[in-house]
Amino acid sequence: MDAFYVSVELLRHPELRGKPLVVAHDGPRGVVTTASYEARRFGVHSALPMVTARRRCPQLQVLPVDMQLYRRGSEKVMQTLREFSDTVEVVGLDEAYVDLSRSPVPQSRALEIKRRVREETRLVCSIGLGPNKLMAKIASDLDKPDGLFVLTARNWLEAVGDRPASLLPGVGPKTSARLSAIGIETVAELAGADRAQLERSFGPRQGEGLRSRANGVGPDSLTTVRTRKSESRETTFPEDVTDREQLTGTLVRLGRSVCESLEAHQSAGRTITVKIRLRGFRTHTRSRTLEAPTRDPDTVSRVACELLERFDPPDPVRLIGVGVAGLEDEEAEHANGPASAAPVVEGEPAGPLTLL
DNA sequence: TCTGGGGTCCTAGGACCC
DNA sequence: TCTGGGGTCCTAGGACCC
């Protein structure tokens, strides 16, 4: 979906259409969640600190985050996608892969999807079509907003060869810098890079992984059912906190929130993690694994507070969080048949996939 | 410029076991 | 007395993604 949160907000704030607009956690330490295309022209983008965003664009309109609303919008979008295929892999609220490998005319199906999504939700999306998830995803980025782009093994290097390697998923700032250091800037350079040199710099796994992605190789079946593996809550204080009571109080509140959600999902986990971020943005975690899964708020709070003790935070605390990992849901535990242990649905062999 | 919140996956070291 | 190889689990940190 193009500028999803902003687009959803515009449905109820039509007067803001055409204006530089962001959905953001406003406040002293807020960042931009989503920026309208008008705002992007001012250099305002996701994850940009609001202080900077306002400096770059003084007339910026700011709307607070309303996740409930976006979740409802997302549901409707995904519902629409399922009209086109039983095999839909949802990736976050605004992205999904749709398996169109059974369609003889995937390109016209993609156009139909765009039309149906617009009809049903009045929202605009961009679609990428490709023989695997990697190509579909990248294709979806190449013609935004309201676009449709097709990548194939044939046009791959012609279309993206000259683009920076960071176009590839999994190649972020750190990996980009390391690639630069060995003289690799573009997708094509990475695609043709010396295997041995990549392995020396990145190790056998990551090295070969990078090279194959640069050659357009990626997964060609979809995972339609995802099982959550961890759940967490964290909060950044408006100002750094040193008061222990305030830290433990916050920890208990966050722990309760995690447990409520675990309860709602009939899930529980064995590993409890406390996260803190200190002044200077250094982030640390401490965790403990229990004998048995829990979602008991008292247990989670008690362990979290004990873990917090182990930091004895010497510096003011900017962020604190609690997580529970190693989740098992009760259904999976009671039914130990192979049927319940098969969350991954094998898709069709290589065929066109669509990414929204 | 001064950096949210919720996730996933990977790596590396240490403990422990056979 | 000084020492292999392989496996699993746990912990901490980091990169990355939406």
Side-chain angles (χ1 to χ4, degrees), chain A residues 1-6 22-35 42-57 62 64-65 67 70-71 74 89-97 133-134 137-138 140-141 165-179 202-207 209-210 213 219 223 226-238 240 254 257-258 261 269-291 307 310-311 318-327 355-356:
Chain A
M1 303 303 293
D2 299 320
F4 184 56
Y5 296 178
V6 160
V22 294
V23 169
H25 297 94
D26 214 353
R29 289 172 161 178
V31 299
V32 174
T33 299
T34 310
F42 290 85
V44 171
H45 54 79
S46 295
L48 190 74
M50 278 304 293
V51 182
T52 315
R54 287 187 195 280
R55 197 170 301 141
R56 290 188 186 173
C57 179
V62 184
V65 180
M67 289 308 291
Y70 317 141
R71 260 192 279 273
S74 177
E89 178 173 338
V90 177
V91 187
L93 292 186
D94 70 335
E95 240 185 70
Y97 296 88
K133 288 170 69 174
L134 180 93
K137 173 158 180 62
I138 290 172
S140 78
D141 287 329
S166 57
L167 187 71
L168 302 170
V171 181
K174 302 286 179 177
T175 306
S176 280
R178 286 169 68 191
L179 286 169
F202 292 93
R205 268 177 82 98
Q206 208 197 341
L210 284 167
R213 270 177 282 158
T223 307
R226 299 211 161 193
T227 46
R228 188 188 303 281
K229 299 186 172 170
S230 69
E231 185 146 0
S232 63
R233 296 289 182 277
E234 65 187 46
T235 186
T236 296
F237 298 112
D240 294 351
L254 294 173
S257 170
V258 171
S261 174
R270 286 178 60 213
T271 305
I272 295 166
T273 302
V274 167
K275 170 177 173 179
I276 62 171
R277 176 169 290 150
L278 304 173
R279 186 163 63 195
F281 223 67
R282 292 183 319 280
T283 306
H284 302 275
T285 61
R286 290 292 177 274
S287 61
R288 184 188 304 166
T289 300
L290 310 176
E291 290 280 318
L307 290 167
R310 300 209 346 229
F311 285 116
R318 176 190 182 95
L319 166 151
I320 195 161
V322 192
V324 176
L327 299 187
L355 175 93
L356 283 184

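Below, read A as the first sequence line, B as the second, and so on, with proteins coming before strands; counting in each chain starts at 1. The basis for the numbers below is simple: all heavy atoms, side chains too, and nothing from hydrogens, waters or symmetry mates.
Rounding to the nearest 0.5 Å gives a distance of 12.5 Å between CZ of A/Arg288 and CZ of A/Arg286. The OG1 atom of A/Thr227 sits 9.0 Å away from atom CG of A/Leu327, with the distance rounded to the nearest 0.5 Å. One finds the CD1 atom of A/Ile138 at 9.5 Å from the CZ atom of A/Arg213 (value rounded to the nearest 0.5 Å). Distance CG/A/Leu290 to CD1/A/Ile272: 4.5 Å, rounded to 0.5 Å.
Among the atoms of the strands shown, only primed sugar atoms or phosphate atoms (P, OP1, OP2) are found under 4.0 Å from some heavy atom of A/Thr175. Across all strands, A/Ala53 comes closer than 4.0 Å to no nucleic acid atom at all (heavy-atom distances). Here A/Thr235 lies in heavy-atom contact (under 4.0 Å) with sugar-phosphate atoms only. Counting non-hydrogen atoms under 4.0 angstrom, A/Val51 reaches the backbone sugars and phosphates but no base. Using a 4.0 Å heavy-atom distance criterion, A/Arg56 is classed as making no nucleic acid contact. Within 4.0 Å (heavy atoms only), A/Glu231 reaches sugar-phosphate atoms of the nucleic acid but no base atom. Across all strands, A/Arg279 comes closer than 4.0 Å to no nucleic acid atom at all (heavy-atom distances). Within the nucleic acid shown, A/Gly30 has no heavy atom closer than 4.0 Å to any nucleic acid atom. Residue-level contact check: A/Arg178 touches neither bases nor backbone, having no heavy atom under 4.0 Å from any strand. Contact annotation for A/Val171: backbone-only contact, meaning every heavy-atom pair under 4.0 Å involves sugar-phosphate atoms and none involves a base.
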Going by atom type alone, with no hydrogens or angles, which donor-acceptor pairs under 3.5 Å involve a side-chain atom of residues 43-52 of chain A and a protein atom two or more places apart or on another chain?
residue, atom, partner, partner atom, Å
A/Ser46, OG, A/Thr33, O, 2.9

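A/Thr285 meets the side-chain contact (heavy atoms from CB on, under 4.5 Å) test with A/Thr273, A/Lys275; sequence neighbours excluded. Applying the side-chain contact (heavy atoms from CB on, under 4.5 Å) test to A/Thr236 and every residue at least two apart in sequence or in another chain returns A/Arg29, A/Arg318, A/Leu319.
The shortest heavy-atom contact between A/Val91 and A/Arg226 is CG2-NH2, 4.4 Å. For the pair A/Arg233 and A/Ser261, the tightest heavy-atom approach, listed with the atom from each and the gap, is NH2-CB, 3.5 Å. Closest non-hydrogen pair, A/Val258 versus A/Val322, comes out as CG2-O, 3.8 Å.
At a threshold of 4.5 Å between non-hydrogen side-chain atoms, the residues A/Phe202 and A/Leu179 count as touching.
Salt bridge A/Arg277/A/Glu234: absent, no basic N to carboxylate O contact under 4.0 Å.
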Could you summarise the pairing of DNA chain C as dot-bracket text, marking Watson-Crick and G-U pairs under 3.5 Å with ( ) or [ ] inside the strand and | across strands?
-> ....||||||||||||||
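If you find the closest nucleotide of DNA chain B to A/Arg29 and to A/Arg55, the one lying nearer the 5' end belongs to A/Arg55. Positionally, the nearest nucleotide of DNA chain B for A/Leu319 lies more toward the 5' end than for the other of A/Ser230 and A/Leu319.
When the P atom is compared between B/dC2 and C/dC18, the two are found 26 Å apart, to the nearest whole Å.
The footprint of chain A on DNA chain B, defined by a heavy-atom cutoff below 4.0 Å, extends from B/dT1 to B/dT11.
Residues from residues 280-289 of chain A lying near DNA chain B, meaning a heavy-atom separation below 4.0 Å, are A/Phe281 in numerical order.
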